[in-house]
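Taking it in order: structure first as C-alpha cells, then the write-up.
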Amino acid sequence: MDRQAIERAKEHFGKLLEEQMKRMEALRSAPDWVDYAKLDTIRIGILGGDGIGPFIAKESKRILAELLKDEISSKRVVMEDIEGLTIENRAKHGKAIPDDVLAEIKKYHVTLKGPTTTPRKGDPWPNIESCNVALRKELDLFANVRPVRVPEQGIDWIFFRENTEDVYALGSRGIEVDADIAIDFRLISAPGADRIARLAFEHAKKQGRTRVTCVTKANVVKTTDGRFLENFYRIAKDYPGIQADDWYIDIMTAKLVDEKRRRDFQVLCLPNLYGDILTDEAAEFQGGVGTAGSANIGKQYAMFEAIHGSAPRMVTEGRAGHADPASMIRAAAMLVGHIGRPDKQRLLEAALDVCGQYERKLVVTGRTDGASGRDYAEYVMQTMSDPRLLARWEAYRGGKESKR
Ligand code: IPM
Ligand code: MG
C-alpha cells in the first residue's frame with residue numbers, strides 16, 4: 001500500500017476544505033441583491049465565445065439593441081463587446097478566464113455570453129476548467145434559471161438549478177490517488193442549498209405558481225443530497241401556500257416523458273449536475289437545446305447564455321452562419337427582464353414563440369438548406385415590431401388559430 005499517496009491525497013483534501021470554509025464565510029457576508037432600478041447606468045457586456053458563438057452573439061446583440069434602443073440612446077443602458085474569452089486566449093494563459101478578461105467582465109452588471117469550448121482530457125487544448133463553470137463561481141452566479149414552455153402540450157416548467165456547488169465546485173480538483181484510484185468531490189453547503197431553494201419559492205410566490213418540486217437522489221447520495229433536501233423543506237415552511245414535494249432524479253427523468261404527469265410540474269429545484277442533465281432533456285420537448293435560454297443569476301452579477309455548446313464542427317464545415325440563434329436570443333430576453341423590463345422580455349419571448357413554434361415561416365436546421373441565423377433574427381425582429389404581436393401570440397396559444 002502506497003502510504004505516501006494517501007498522505008498526498010489527505011493534504012490535498014485538507015486544502016480544499018480550507019478553501020471551501022473561506023468560501024462559506026464570503027458567502028455569508030456577501031452583499032445583497034443589486035437594485036437595477038437605482039442604477040444610473042446599466043452596463044451590458046457581450047461575450048462572443050467560441051465556435052458558432054460569435055455568429056449567434058452578433059444576431060442576439062442586434063435584437064437587444066433594437067429592443068433597448070430608447071434606453072441605449074438615453075445612456076441608461078450601455079452595451080459593449082468584451083474581448084478575449086476565446087479558447088485560444090484561455091489556452092495561451094492556461095486559465096479558464098484570463099485575469100484581464102475577468103477584470104473586464106466585472107465592469108459589467110450583466111453579460112450575454114455565447115457558448116464556449118470546454119476542454120476535456122485528451123482534447124488538443126490544455127485540460128483547463130470550463131470557463132462557464134469558472135464564471136459562475138467567480139461571479140457567484142448561484143442560480144441557473146432555465147424555463148421550458150410548450151403551451152400546446154401544457155408544459156410550463158422553470159428549473160432552478162444550483163450553479164456553484166455539487167460536483168462542479170471541485171470538478172477540476174479531484175485526486176489521482178495512484179495508478180488505480182481516481183476521486184472527485186461533491187459538495188453541498190447549507191447556505192448554498194438555502195439560497196437556491198429560496199429563489200425557487202420566491203419565484204413561485206411572485207408568479208402565482210402553486211408547487212415547487214425538489215429533485216435529488218437522497219436515498220443513495222445520503223450526505224449531500226440529504227442536506228439539499230432537508231434545507232429545501234426547511235425553506236418551504238416559509239411558503240405555506242405553496243405545495244413542496246420531492247422526487248428522485250431517475251424517476252423524474254422518466255416522468256418528464258410521461259404526457260399525463262409532466263404537465264403537473266411547475267417549478268423545479270435541484271443540485272447542479274441533475275439540473276444540467278434534466279434541463280437538456282426538458283429543452284428537447286421545446287425543440288431542442290438550441291431553443292432554450294439560460295440565466296445565471298447572482299446577487300451582484302448575472303450572465304445569460306445559450307444552453308448548447310459551441311459546435312466547432314459547424315465552423316469547420318462552413319455552416320456557422322446557419323447556426324440557430326434562438327437559444328441565445330431567449331437568453332437575451334431573460335436579460336432584459338432581469339434588468340427591469342419584463343414587458344420587453346414578454347414581447348421578445350412572444351416573437352420567439354410565434355417564429356419558432358407557431359408560424360415557422362423560416363426554419364433554421366443548422367444546415368445550409370435551412371434559414372441563416374441572420375435571416376432568422378430578421379424574422380424575429382419583424383415579428384417583434386408587429387403591433388398585433390401579443391394578440392397573435394395569445395390566439396396561437398389558445399389554439400384559436402390552427403398550427404401551420
Ligand atoms: C450547461 C453546460 C455546462 C454545464 C458545460 C459547458 C460546462 O452543459 O450550461 O448546461 O455543465 O453546466
Ligand atoms: Mg448542460
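Remember, it's 1-based here, ligands and their atoms both numbered in the order they're listed. Predicted, not measured: the structure shown is a model, and the values here were computed from it.
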Does atom NZ of Lys58 have more than 12 heavy-atom neighbours, drawn from other residues, nucleotides or ligands, at distances under 6.0 Å? no
Look at ligand 1 and say whether Glu129 reaches it with a heavy atom at a distance under 4.0 Å. no
Protein heavy-atom partner closest to atom 10 (O) of ligand 1 - residue, atom, separation in Å: Asp276 OD1, 2.8 Å
Please state which protein non-hydrogen atom is closest to atom 11 (O) of ligand 1 and give its distance, to 0.1 Å? Tyr168 OH, 2.6 Å
Please determine whether a side-chain nitrogen of the Lys or Arg among Glu59 and Arg62 lies less than 4.0 Å from a carboxylate oxygen of the Asp or Glu. yes
If the threshold is 4.0 Å, N to carboxylate O, is there a salt bridge linking Asp238 and Arg198? yes
So, Tyr233 and Asp246: side-chain donor and acceptor under 3.5 Å apart, yes or no? yes
Considering heavy atoms of the protein only, find what lies nearest to atom 1 (C) of ligand 1 and give residue, atom and distance to 0.1 Å. Arg146 NH2, 3.3 Å
Taking only non-hydrogen atoms of His308, do any sit less than 4.0 angstrom from ligand 1? no
So what's near the Mg ion (ligand 2), protein N, O or S atoms under 2.8 Å? Asp276 OD1
Which atoms of ligand 1 are found less than 4.0 Å from any heavy atom of Thr118? 6 (C)
Protein residue, atom and distance nearest to atom 7 (C) of ligand 1, heavy-atom basis: Ser130 OG, 3.5 Å
